[in-house]
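Residue numbers begin at 1 in each chain, while the letters A, B, ... track the order of the sequences. For the numbers below, each heavy atom of this structure counts, side chains included, while hydrogens, waters and symmetry mates do not.
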There are 2 protein chains.
Amino acid sequence: MDNYNANKEEMDKYSLRGKVFRKIREDILEGNYSEMEELREAAISKSLGVSRTPVREALRQLELEGLVTIVPNKGAYVTGITSKDIYDIYIIRSYLEGLCAKWACEHITEEQIDTLEEIIYLSEFHIQKEHWDQIFELDNRFHLTMYEACGSKILEHILSDYHHYVERVRKNTLSSKERARKASEEHKAILQSVKDKDEARAERLANDHIFKSIANIKNQGLEKLMKKH
Amino acid sequence: MDNYNANKEEMDKYSLRGKVFRKIREDILEGNYSEMEELREAAISKSLGVSRTPVREALRQLELEGLVTIVPNKGAYVTGITSKDIYDIYIIRSYLEGLCAKWACEHITEEQIDTLEEIIYLSEFHIQKEHWDQIFELDNRFHLTMYEACGSKILEHILSDYHHYVERVRKNTLSSKERARKASEEHKAILQSVKDKDEARAERLANDHIFKSIANIKNQGLEKLMKKH
DNA sequence: AAATGTTCTTGTGTATACAATTATTTGTGA
DNA sequence: TCACAAATAATTGTATACACAAGAACATTT
């Protein structure tokens, strides 16, 4: 699983291992490798201009994320992520985002509420202007802040991972003004229920929010959404 | 996210890195380290009689599992797992085991059904005889087979991880004849609904199964259960 | 010609050496 | 005695070298 929190991700930025790790992961998630392609340590280290050590460590981590399969004494192979995996993740997320919103009712801080309100406010502006990159970034921040607000290290960890896994698909789904606007409305409603400490409603709305994304994906065709933009 | 499947775990058995990885993980999960204790690469490698390389790789993997926190250029620290984490995991599992049972209705194979029936049959025998180790092992196998049967690599992955995380607690809860017997009855009912392809019922029963474990934990006191047996 | 054994190549697994960074101690001046 | 700076020690980060395992190609034997 992935990087645990922004803090660590930030720090890792300055280690070679972190750079290699993120580079290979991005390449896999963006589909730059074909399925089951062999990842030779020497080749990667040469192409990135580093030694094998950081490459090895990065590959071992990617194995744990499930993106790479390592056969001892043989090599590392791209496992990648199939469209079924993405679909499964969305279903799992729909359950867990519901739980997250429910727990947030109890654990959210004033500061987090302020952050979320600001995010929603800014979103509306950027949706109006069709600034897709900002919209995506704000959507990210909304969800990650919610994960933080649930007060569970474990739940935050797993949801952040999944969130990252489906990043490419999410980026594409949000590139429609109509869907972006609806998503923003849904965020607003979720936050309201959390503020009201209405656990049942918060859970249901967060649940629905992801389900609506799934419906949206089905309409647009998942395979198309997995392509690079 | 932990080891992906039995296959890989099996293969890793023969690499130093795998041994070191499992050794440190067990030590952490068994509470042999105190919270935030520093893990010095040199010390560990010396005590295990290996070089720093496999130790480093193991620590990097443990970081991804969330059991260790690595501060670049400083060191690795035990993060461990608190009783709140365990509690959270049980709640999350109750949702996901439900989903797993639901999906199993559609994807389970005849062979897997046979396996599960055999497990239940054997369990009854060992419960009668109070063979705690076998009971625990069979409980493990029941759940892991269910995870396999759900037909989702992603869900199987995360549930296996969590299952392992709470191993120590599960071992202790199952060491009561009364609870073991009830658990076995619950397993039987879940399998029946899966065989009947009754998705709603399977989901609800699997859900309840974990909830009952939580209730059981609360009764016995989580702190006590986290101790080594 | 088929099966078996042998070497050679390729790539990973581990150990060690060195560089960079951080923590600690020591020394100096006010 | 305290503050602060410089030197020193400890620890991680990276690079490189060598050992080992697996598989392929080729030779050998029946």
Original post:
Nearest-Å distance, NZ (Lys46(B)) to P (dA15(C))?
Top reply: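 After rounding, the reported distance stands at 15 Å.
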**OP:** Measure from the side-chain heavy atoms of Asn73(A) and tell me the nearest of dT21(C), dT16(D), dG13(C).
**Re:**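 Minimum distance to the Asn73(A) side chain belongs to dG13(C).
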**OP:** Starting at atom CD of Glu57(A), determine the distance to atom P of dT16(D), rounded to an integer number of angstrom.
**Re:**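 After rounding, the gap between these two atoms is 15 Å.
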Subject >> Nearest-angstrom distance from the residue atom CD1 of Ile70(B) to C1' of dT11(D) >> reply: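 One finds 13 Å between C1' of dT11(D) and CD1 of Ile70(B), rounded.
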Original post:
Which nucleotide, dT12(D), dA15(C), dT12(C), lies nearest any side-chain atom of Arg56(A)?
Top reply: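 Of the candidates, dT12(C) comes closest.
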Subject >> Atom pair distance, as rounded to whole Å: CD in Glu37(B) and C1' in dT11(D) >> reply: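 Taking atom C1' of dT11(D) as the reference, CD of Glu37(B) is at 16 Å.
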Original post:
Arg52(B) near the nucleic acid: base, sugar-phosphate alone, or nothing, with a heavy-atom cut-off under 4.0 Å?
Top reply: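 Here Arg52(B) touches the bases of the nucleic acid.
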Original post:
For dG11(C), does OP1 or OP2 lie under 4.0 Å from any side-chain N or O of Lys74(A)?
Top reply: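 Result: no.
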Subject >> Ion pair check, Arg141(A) and Glu148(A), cut-off under 4.0 Å >> reply: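 Answer for the salt bridge query: no.
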Original post:
Taking the side chain of Glu41(A) as heavy atoms from C-beta outward, which of dG13(C), dA15(C), dA15(D) is closest to it?
Top reply: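 That would be dG13(C).
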**OP:** Taking the side chain as every heavy atom from C-beta outward, state whether Thr173(A) and Ser213(A) have any pair of such atoms under 4.5 Å apart.
**Re:**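 Contact flag for Thr173(A)/Ser213(A) side chains = no.
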Subject >> 5' priority, DNA chain D, between Thr53(B) and Glu38(B) [closest heavy atom] >> reply: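 By nearest-heavy-atom nucleotide position, the 5'-most residue is Glu38(B).
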Subject >> Side chain of Arg40(B) - closest among dA15(C), dT14(D), dT12(D) >> reply: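 Within the option list, the nearest is dT12(D).
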**OP:** Rounded off to whole Å, could you give me the OH-to-P distance for the Tyr77(B) and dT22(C) pair?
**Re:**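 Tyr77(B) atom OH is separated from dT22(C) atom P by 12 Å.
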Original post:
Please give, in whole Å, the distance from dT11(D) P to Leu59(B) CG?
Top reply: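 Rounded to whole Å, this separation is 14 Å.
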Original post:
Any chance the side chains of Glu97(A) and His143(A) put a donor and an acceptor closer than 3.5 Å?
Top reply: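 Checked: Glu97(A)/His143(A) side chains pair up, N/O donor to acceptor below 3.5 Å.
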**OP:** Assign the ring pair Phe142(A) / His187(A) to parallel, tilted or perpendicular, where the plane angle (0 to 90°) is split at 30° and 60°.
**Re:**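 Geometry flag for His187(A) against Phe142(A): parallel rings.
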Original post:
Hey, does Leu39(A) reach any base, or is it just sugar-phosphate, or nothing, if we go heavy atoms under 4.0 Å?
Top reply: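 Answer is sugar-phosphate: Leu39(A) comes under 4.0 Å of backbone atoms only.
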Original post:
Is atom NZ of Lys46(A) surrounded by more than 12 heavy atoms (other residues, nucleotides or ligands) closer than 6.0 Å?
Top reply: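 Check fails, neighbour count at 12 or below.
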Original post:
Between dT22(C), dG13(D), dT12(C), which nucleotide gets closest to the side-chain atoms of Arg60(B)?
Top reply: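 When the side chain of Arg60(B) is considered, dG13(D) is the closest of dT22(C), dG13(D), dT12(C).
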Original post:
Any side-chain N or O of Ser51(B) less than 4.0 Å from the OP1 or OP2 oxygen of dA15(C)?
Top reply: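 So the side-chain polar atoms of Ser51(B) do come within 4.0 Å of the phosphate oxygens OP1 or OP2 of dA15(C), strictly under.
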